[in-house]
Amino acid sequence: MTEVLFILTTVFVAYVVYVIVNESKPNAKKPTQAEPQVTEQPVAKPEAVAIEVVPEKKPAASKKTTPANTAKVTKAAAPAAASKKGLKDPSTGEVATTYSNYRFTKRWIKDALVAEGLLDKVYKNNELDAEVEGKIKQAIAKLEEIEKYRA
């Protein structure tokens, strides 16, 4: 009896799959729509439009460096640098932007915290508790302030 029920269920599932697959295919014979007739209408001539050509600005580095130009360049570069957040590995140049969770922090950041004397050692995951994580967050904040590690 169970074999008959299994066979009937299999046939039913195969039929459902067959119907779904055949309905999803696009129909080859679609009713064609009559193309709309295009009537030509006189078009008013457009007025002359003045086009202003703006020459491309050259990079600031190619200009002569004067105290006034350097102040402009420095002011423009400061907001761009402030918007970037992250730590840069001085040896490879890699920039890490996510390091808020110590467990998933890159190894070079952990080593840098120890090398700069901000932490005593590289902590293992089972050594982390609220007190240690507080120390780590303060150490990372100090590491962000060090010029060598700024992105």
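Numbering of residues begins at 1 and proceeds along the displayed sequence.
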Between Val21 and Val17, does the side chain to side chain contact (heavy atoms under 4.5 Å, CB included) criterion hold? Intermediate values first, please.
CA-CA 6 Å; Val21 169; Val17 170; 4.2 Å; yes

Closest heavy-atom pair, Lys137 versus Ser100, reported as atoms and distance to 0.1 Å, is NZ-O, 4.1 Å

Residues pairing under salt bridge (Lys or Arg N to Asp or Glu O under 4.0 Å) where one sits in residues 7-22, two or more places apart or in two chains, turn out to be none

Discussion item. Tell me if the NZ atom of Lys110 is crowded by more than 12 foreign heavy atoms within 6.0 Å.
Written reply: yes

Distance col, row Glu144:CD vs Arg150:CZ, nearest 0.5 angstrom, shows 9.5 Å

Pairs of donor and acceptor atoms involving the side chains of residues 1-15, under 3.5 Å and at least two apart or interchain, shall be tabulated with distances.
{"from": "Thr9", "atom 1": "OG1", "to": "Leu5", "atom 2": "O", "distance (Å)": "2.7"}
{"from": "Thr10", "atom 1": "OG1", "to": "Phe6", "atom 2": "O", "distance (Å)": "2.8"}

The side chain to side chain contact (heavy atoms under 4.5 Å, CB included) partners of Thr92 (sequence neighbours excluded) come to Asp89, Glu94

Self-check item: Neighbour count >12 (heavy atoms, 6.0 Å) for atom CG, Asp111
Solution: yes

Taking every heavy atom of Pro90 against every heavy atom of Lys148, the minimum-distance pair comes out as CG-CG, 3.7 Å

With sequence neighbours left out, the residues meeting side-chain hydrogen bond (donor to acceptor under 3.5 Å, both in side chains) with Glu127 are Lys121

With sequence neighbours left out, the residues meeting side-chain hydrogen bond (donor to acceptor under 3.5 Å, both in side chains) with Lys135 are none

Under 4.5 Å between any side-chain heavy atoms of Glu116 and Lys142, yes or no? no

Cluster membership besides Leu87, Ile/Leu/Val/Met/Phe/Trp/Tyr side chains within less than 4.5 angstrom, sorted by chain and number, is Tyr99, Tyr102, Trp108, Ile109, Leu113, Val114, Leu118, Leu119, Val122, Tyr123, Leu128, Val132, Ile136, Ile140, Leu143, Ile146, Tyr149

When rounded to the nearest 0.5 Å, the distance separating CG of Asn126 from CZ of Arg103 is 9.0 Å

